[in-house]
Amino acid sequence: MINADFFERNPVLAARELLGAYLVRKIDGKTVRLKIVETEAYGGREDLGSHARRGQTPGNSPMFERAGTIYVYFTYGMHWMLNIVCREKGNPGAILIRGVEGCIGPGRLTKKLGIDKRLNGLRIGKRSGLWIEENPEKNFKIKKTPRIGIAYAGPIWANKKHRFVLE
DNA sequence: ACGATGATGAAC
DNA sequence: TTCATCATCGTA
């Protein structure tokens, strides 16, 4: 199992290394285990594409919690987005899980895995029913691209290659 | 390729 | 109270 320490660092590095690992969801007595194939990294105040860009607010407060905290938010009136918080408490950062094997799209995978606001603010682990397991396989072929849906952040931040996709 | 969708938090 | 949003689906 990948523990919270893994996330206590730069989200860009952690997002890239998270590819290939297994996202595990236990719900209604059933355990689903899916390989992570797409992630995006989000930073703090400096990152104009991040929810933390305007500082701490009630909505984004999980991003300011300890590494390994789950940050789930609702957007476009219909989709839940799953993030894992990075860096130490008070220093915001997060990884958006955008795709798993057989289920591409951040809103689709949360729907499939029954992830919603009930998980917001909890921590990854057996307790919350959401955790990550290592993949002994390494040396994946990884593609870097700009992040999706953040044109408003301006060219500098919108063009940063903070999205990672398993080939 | 494009428009409709439509809850929530945050800004005004 | 108004606005923008870290998408997705259906229709072309």
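Just so you know, these numbers come straight off a predicted model, no measurement behind them. Within every chain, numbering begins at 1; the chains are lettered A, B, ... in the order of the sequence lines, protein sequences first and strands thereafter.
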Tell me which residues in residues 39-52 of chain A put a heavy atom below 4.0 Å from DNA chain C, sorted by number, or none. A:Y42, A:G49, A:S50, A:H51

Whole angstroms only, please: what is the CE-C1' distance between A:M81 and B:dT8? 13 Å

Strictly below 4.0 Å, heavy-atom distances to any atom of DNA chain C: list the hits from residues 154-167 of chain A, or just say none. none

Does any residue of residues 109-117 of chain A have a heavy atom under 4.0 Å from DNA chain C, and if so, which ones, in number order? none

To the nearest 0.5 Å, what is the distance between CE on A:M1 and CD1 on A:I132? 10.0 Å

Please list all pairs meeting ring-ring contact (aromatic ring centres under 6.0 Å, His included) that have one or both residues in residues 100-139 of chain A, counting only residues at least two apart or in different chains. none

For the pair A:E40 and A:R98, find out whether any cationic side-chain nitrogen is under 4.0 Å from an anionic carboxylate oxygen. yes

Selection residues 13-48 of chain A - residue pairs positive for ring-ring contact (aromatic ring centres under 6.0 Å, His included), sequence neighbours left out: none

Roughly how far, to the nearest 0.5 Å, is the CG atom of A:L23 from the CG atom of A:L113? 6.0 Å

Using atom OH of A:Y152 as one end and atom P of B:dA11 as the other, report the distance to the nearest whole Å. 13 Å

Is the shortest heavy-atom distance from the side chain of A:R163 to the side chain of A:I148 under 4.5 Å? yes

Output a table of nitrogen or oxygen pairs between the protein and nucleotides 1-6 of chain B separated by less than 3.5 Å.
none

Name the nucleic acid region contacted by A:L96, choosing base, sugar-phosphate or nothing; use a 4.0 angstrom heavy-atom cut-off, strictly under. base

Which pairs, with at least one residue in residues 73-87 of chain A and sequence neighbours excluded, count as a side chain to side chain donor-acceptor pair (under 3.5 Å)? none

Just so I know, are the side chains of A:H51 and A:Y71 near enough to count as touching, which here means a heavy-atom distance under 4.5 Å? yes

Rounded to the nearest 0.5 Å, the CG atom of A:L96 sits from the CD1 atom of A:I84 at a distance of 10.0 Å

If the condition is side-chain contact (heavy atoms from CB on, under 4.5 Å), which residues does A:F6 pass it with, not counting sequence neighbours? A:I2, A:R9, A:A14, A:E17, A:L18

Rounded to the nearest 0.5 Å, what separation is found between the NE2 atom of A:H162 and the CD1 atom of A:I95? 12.0 Å

Note, A:D47 side chain near A:W157 side chain (heavy atom, < 4.5 Å): yes

Roughly how far, to the nearest 0.5 Å, is NZ of A:K161 from OG1 of A:T145? 8.0 Å

Mind checking the NZ-OG1 spacing from A:K117 to A:T110? Nearest 0.5 Å is all I need. 14.0 Å

So that I can compare with my own list, what are the stems of DNA chain B, taken as at least three consecutive Watson-Crick or G-U pairs with distances under 3.5 Å? B:1-5 with C:7-11, B:7-11 with C:1-5

Within-4.5 Å side-chain heavy-atom neighbours: A:E38 and A:V165: yes

Can you name the side chain to side chain donor-acceptor pair (under 3.5 Å) partners of A:R118, sequence neighbours left out? A:D116

Nucleotide interval of DNA chain C bounded by contacts with chain A (heavy-atom cut-off, under 4.0 Å): C:dT5 to C:dC9

Just to verify, which of A:L109, A:V100, A:L119 counts as forming a side-chain contact (heavy atoms from CB on, under 4.5 Å) with A:R25? A:L119

Tell me which pairs pass salt bridge (Lys or Arg N to Asp or Glu O under 4.0 Å) where either residue lies in residues 63-79 of chain A, with sequence neighbours left out. A:E65-A:K89

